[in-house]
Amino acid sequence: MSYNPKEIEAKWQQQWEAEQAFEPSDSLSQKKKYILSMFPFPSGRLHMGHVRNYAIGDALARYYRKQDYNVLHPIGWDAFGMPAENAAIKHGRHPKEWTYSNIDYMRKELGTLGLSFSKTREFATCDPLYTKHEQKFIIEMFQKGLLYRESTTVNWCESCHTVLANEQVEEGCCWRCDNPVELKEMPGYYLDIIRYADELLEDLAQLEGKWPSQVITMQRNWIGKSQGLAFDFELTEESKAKLDGKFDRYEVFTTRPDTIYGVTYSALAPEHPITKYLVEHNLLESEVAEKIKAIANMSEVERAKQDKEGYSLGISVIHPLTGEQIPVWTANFVLASYGGGAVMAVPAHDERDYEFATKYNLPIKRVIEGGEELPYTGSGRLIESDRFSCVENEEAKIAIINYMEEEGKGKGTTNYKLRNWGVSRQRYWGAPIPFVHCDECGLVPEKFENLPVALPDDVEITGEGNPLENHPTWKHCKCPKCGKDAVRETDTLDTFVQSSWYQFRYATNPKKWEEVGIDKADADYWLGVDQYIGGIEHAILHLLYARFFTKVLRDLGYHDIDEPFQRLLTQGMVLKDGAKMSKSKGNTVDPDALVDKYGADTARLFILFAAPPQKELEWNDSAVDGAFRFIKKLYDRSGKVTGKTLPEIDQSSLSKESKLARVKVYEALQKSADVYEHTFAFNTLIAACMEALNALDKQDNTDVWTEGMYIMLNLLEPIIPHVATELSEKLFGRENFNGKIEVKDEVFVQESVMYVVMISGKKRTEIEVSPDASNDEILAAAKEAGEKWLQNMQIVKEIVVPNKLVNLAVKPV
RNA sequence: GCGGAUGUGGUGGAAUUGGUAGACACGCCAGACUUAGGAUCUGGUGCCUAACGGUGUGGAGGUUCGAGUCCUCUCAUCCGCACCA
């Protein structure tokens, strides 16, 4: 019988389905593993990146199941989002219909891969039941002051009539219609992630060694904690008067308080209230006011590309320590969103300040010794700094903060680059933000018993405006508090909100899904996810948001977990011809076609064999043939097996080839635990199995064949489950899948040992000696074998590395 | 600019953590079998050399009996952040 993947795979997929083979046990006392591959967006078709993602996760899930763990290995659908609305616009399909039919199709595709997912825990994030609980969390966050509504400047695309996330702005233009993005002030909902910034930062230490270091670093940089001094600049009397007495001071933040005596000007963002006041009240020359407005209309991205530009505001502040008058400017490099939108400028010791000062002929005052030229940003002693002169600048930072605090002039502060998470989207296909605007009561959350606030089905999606806003009746409702006429919020939640807590939803027993979003006992048992697998592209957004949500939900009492993902594996991309597979490049390989031609086992084997999971994987059609060939050979050689169980083998009766075969088999076995539990270098385990099969093929002892197959099928089952199960069932009644197979040390005991003989570090020859030969005996044998290279040489050093080699360092006599 | 990675045959990649570099696989070459083969099997295959031998892990130094692995410098590529005061 030749290998027929179609038949075998269909058979076992049906059987697994019938047996509900992959449902976790409800018992919460067993040892557990929660293996999670990032859930897919139901775009319509599976791509190779998915296959890789799920092949890795499935291998781990199957491995642990065989080790008697209670394994949770779920799948679901990240189902809200833009593409569904685009499909509606382009093809007139309703987002809901489009999404659920895609899910049905992709579920089938995943099915043909033989992945061991729990079927009972599958859900889509657009299911109203999921929305219901999410809305409850959102309301609870509001009640805790973690969610707030605020009007700020956002990226706005006039032609698409929507707010764009920062990531959706490319070179200052809308990613979809290429129209220039405008900055617009509008209200939106924000989650106060900054409140958790410190914990998010500190807990990264727990993940050290378990998450890829680059992801940890990226998160650390993204949070961007910096410590320094915040202090007020008081305006001069004249300036106060010019500002009609509306302002008398403003705050600045610096990480370089040691340079405070070098301040020669101060700069405000164009959006700073003082700048705005001056512009709006015609207190500047109209030409200057226009230029400032122009800068304010540019996005941060766009501004970053411009040269330094700024204008004197005609006002001054008083230096808090020297009492000098300091001119105030507005500048395009001062960010409104960081540090209060105002800076003290020290051109001598800051590159930006220097560039600006040079351009506008502002004074430059050196206050730190060191370096040949200015600006000098290194360390050194302070000069011209009053009582702090001669102090080393690192000490001066602390001393000056202390002094400012004592004098009540400022305080040590922490600042973050991290911005609060804007979760409002002016889109239809998302979870409605469950609030109501009431003229009497203001912003009122919907009552819990009315959740979910569901999306209306009868919407018109044109790509213009917010369909919920345009819907004739949906937004009109009664105030949950006073009962008067009110208006529903028409913004929906960012889809990253859904993916921030789905790992808790899977963990919750589906029997409880109706009544609770997260069951505490279930969550505390299953979480954290023991192994999370996904693309590096989520290094910040999803992984940071999910960590944040975990901590928030913990503080809301839903569970006791601090970190959602204990270990993280970031898989590399699947490439073809050196580029990422994409439809537009026409370099895709269709998983369906691959499975159809070779079967799922070959697809899975190839994808795990071609590269370690962390690396990019270059697609190679003929290497797929190689994977197929290996399975065929394995299938073919199963005929060599005679026993039904693991045989007892008398090592001493075996031929040299049979002994070697056993060594290869047991080497693979030895390697497997490390691969499945730590390194995930499936490529090396597969290579070890190939070596074992090659070695078995060079001998003909049937017991050795039986033992080899028994072990290899166990090792390979997580990777090529269909054929491994088929053969194991036929040969061993799957007894080889029960529990761990012990390594037999006697297999590795050798009758003689090969030593490499090196002369001065160069390999020259080999010797074969008895395993219990003394060093002297080994050296004597080595000298004899290496005689030809030792003539006219004097041995200066002799090294024997047990079981490996002899090195004789020589020099000419 | 800052941060993080990566660099090994024609290709994908191994190397027990300082001990025989190139396992395993693809490709290629030769042969066998076959009506045929894009099937299967056998053998070969880093580079230079007719050979002895030499040489070889991006490059240059260094430590060591011994370096792909450790140290210093350097080059290249990729990724992330990007005026964060």
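Note on naming: letters A, B, ... go to the chains in the order of the sequence lines (proteins, then strands), and numbering restarts at 1 for each one.
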List the protein contact pattern of nucleotides 52-71 of chain B with one symbol per nucleotide (5' to 3'): B for base contact, S for sugar-phosphate-only contact, - for none; contact means a heavy-atom distance under 4.0 Å.
-SSS---------BS-----

Give me the distance, rounded to whole Å, that separates C28(B) from G46(B) when you measure between the C1' atoms they each carry.
14 Å

Atom-to-atom span, CG of L418(A) to P of A82(B) - whole angstrom
12 Å

What's the CG-C1' distance between L805(A) and G18(B), to the nearest Å?
11 Å

Write down the partner of A39(B) under the Watson-Crick or G-U wobble criteria, each distance required to be under 3.5 Å.
none

Anything under 30° is parallel, anything over 60° is perpendicular, the rest tilted; go ahead and classify F680(A) against F682(A).
tilted

For Q306(A), answer base if it contacts any base atom (sugar-phosphate contacts may also be present), sugar-phosphate if it contacts only those atoms, and nothing otherwise; contact means non-hydrogen atoms under 4.0 Å.
base

Expected output: side-chain S752(A) to main-chain E768(A) donor-acceptor under 3.5 Å
no

Assign G626(A) to base, sugar-phosphate, or nothing according to its heavy-atom contacts below 4.0 angstrom with the strands shown.
sugar-phosphate

Distance-only criterion, 3.5 Å: show the donor-acceptor pairs between side-chain atoms of residues 327-335 of chain A and protein atoms not counting sequence neighbours.
{"residue": "T330(A)", "atom": "OG1", "partner": "L268(A)", "partner atom": "O", "Å": "2.9"}
{"residue": "N332(A)", "atom": "OD1", "partner": "E309(A)", "partner atom": "N", "Å": "2.9"}
{"residue": "N332(A)", "atom": "ND2", "partner": "D307(A)", "partner atom": "O", "Å": "2.8"}

Is the ring pair F356(A)/Y360(A) parallel, tilted or perpendicular, if the boundaries are 30 and 60 degrees?
tilted

Both distances below 3.5 Å, Watson-Crick or wobble geometry, any strand: find the nucleotide opposite A5(B).
U77(B)

Would you measure the distance from the C1' atom in G80(B) across to the matching atom in C73(B) and give it in whole Å?
26 Å

Taken to the nearest whole Å, CD1/I607(A) to C1'/A25(B) is 16 Å

What is the distance from CG of N420(A) to P of C84(B), rounded to the nearest Å?
20 Å

On a whole-Å scale, what distance lies between the P atoms belonging to C65(B) and C84(B)?
49 Å

Per side-chain contact (heavy atoms from CB on, under 4.5 Å), L715(A) is matched among I686(A), L669(A), V665(A) by L669(A)

Can you tell whether the side chains of K397(A) and E394(A) come within less than 4.0 Å, N to carboxylate O?
yes

U34(B) -> Watson-Crick or G-U wobble partner, both distances under 3.5 Å, gives none

State whether Y416(A) places a side-chain N or O below 4.0 Å from either non-bridging phosphate oxygen (OP1 or OP2) of C84(B).
no

R303(A) bridged to E271(A) by N-O distance under 4.0 Å
yes

Quick one: salt bridge (charged side-chain N to carboxylate O under 4.0 Å, His left out) partners of K659(A), sequence neighbours excluded?
E751(A)

Quick check on A23(B): is either OP1 or OP2 less than 4.0 Å from any side-chain nitrogen or oxygen of N694(A)?
no

Using purine N1 to pyrimidine N3 plus N6-O4 or O6-N4 for Watson-Crick, or N1-O2 and O6-N3 for G-U wobble, each under 3.5 Å, what pairs with U72(B)?
A60(B)

Any side-chain hydrogen bond (donor to acceptor under 3.5 Å, both in side chains) pairs touching residues 605-617 of chain A, not counting sequence neighbours?
none

Heavy atoms under 4.0 Å, any strand shown: does V252(A) hit a base, just sugar-phosphate, or nothing?
nothing

Using a heavy-atom cut-off of under 4.0 Å over every strand shown, decide if P212(A) touches base, sugar-phosphate, or nothing.
nothing

Could you tell me whether the side chain of K417(A) has a donor or acceptor atom within less than 3.5 Å of a complementary atom in the base of C81(B)?
no

Please verify the inter-ring angle class for H349(A) with Y376(A); under 30° counts as parallel, over 60° as perpendicular, anything in between as tilted.
perpendicular

Watson-Crick or G-U wobble mate for A85(B), both contacts under 3.5 Å:
none

Base-pairing assignment for G18(B) (Watson-Crick or G-U wobble, both under 3.5 Å):
none

Per-nucleotide protein contact string for nucleotides 35-43 of chain B (B base, S sugar-phosphate only, - none; heavy atom under 4.0 Å)
----SS---

Indicate whether the side chain of S226(A) and that of Y338(A) have a donor and an acceptor atom separated by less than 3.5 Å.
yes

Where is the tightest heavy-atom contact between D258(A) and I400(A), given as atom of each residue plus distance?
CA-CD1, 3.9 Å

Taking A85(B), G19(B), A14(B) as options, the one with an atom nearest any side-chain atom of V343(A) is A85(B)

Between F609(A) and F630(A), does the ring centroid distance fall short of 6.0 Å?
no

Distance in angstrom units between I540(A) CD1 and A82(B) C1', rounded
12 Å

Among U20(B), A85(B), C81(B), find the nucleotide with the atom closest to the side chain of T255(A).
A85(B)

Please report, rounded to the nearest Å, how far the C1' atom of C83(B) is from the CE atom of M344(A).
16 Å

Given atom CD of E691(A) and atom P of U16(B), what is their separation to the nearest angstrom?
14 Å

Do E691(A) and K664(A) meet the salt-bridge criterion of a basic N to acidic O distance under 4.0 Å?
yes

Any side-chain N or O of N683(A) below 4.0 angstrom from OP1/OP2 of G12(B)?
no

Gap between atoms NZ and C1', on K804(A) and G18(B) respectively (whole Å):
12 Å

Euclidean distance for P, C2(B) against U55(B) (whole angstrom):
40 Å

Mind checking who A25(B) pairs with, Watson-Crick or G-U wobble, both distances under 3.5 Å?
U11(B)

Between C47(B) and G56(B), how many Å separate the two P atoms, rounded to a whole number?
16 Å

So I260(A) and L229(A), do their side chains get closer than 4.5 Å, heavy atoms only?
yes

Every protein N/O within reach of nucleotides 1-10 of chain B N/O, cut-off under 3.5 Å:
{"residue": "G3(B)", "atom": "O2'", "partner": "N221(A)", "partner atom": "ND2", "Å": "3.4"}

Given that M690(A) and K671(A) both sit by RNA chain B, which one's nearest nucleotide is further toward the 5' end?
K671(A)

P gap between G9(B) and A14(B), integer Å
14 Å

Look at T684(A) and C24(B) and indicate whether a side-chain polar atom (N or O) is within less than 4.0 Å of OP1 or OP2.
no

Distance, P atom - from G58(B) to A15(B), rounded to whole angstrom
16 Å

With a non-hydrogen cut-off below 4.0 angstrom, is A610(A) in contact with a base, only sugar-phosphate, or nothing?
sugar-phosphate

Could you tell me how far A51(B) sits from U45(B) if I compare only their P atoms? Round to whole Å.
13 Å

Taking the inter-plane angle between the rings of F748(A) and Y666(A) on a 0 to 90° scale, is it parallel (under 30°), tilted (30 to 60°) or perpendicular (over 60°)?
perpendicular

N-glycosidic conformation, U20(B) - syn within 90 degrees of 0, else anti:
anti

Base orientation of G9(B), syn vs anti, 90° cut from 0:
syn

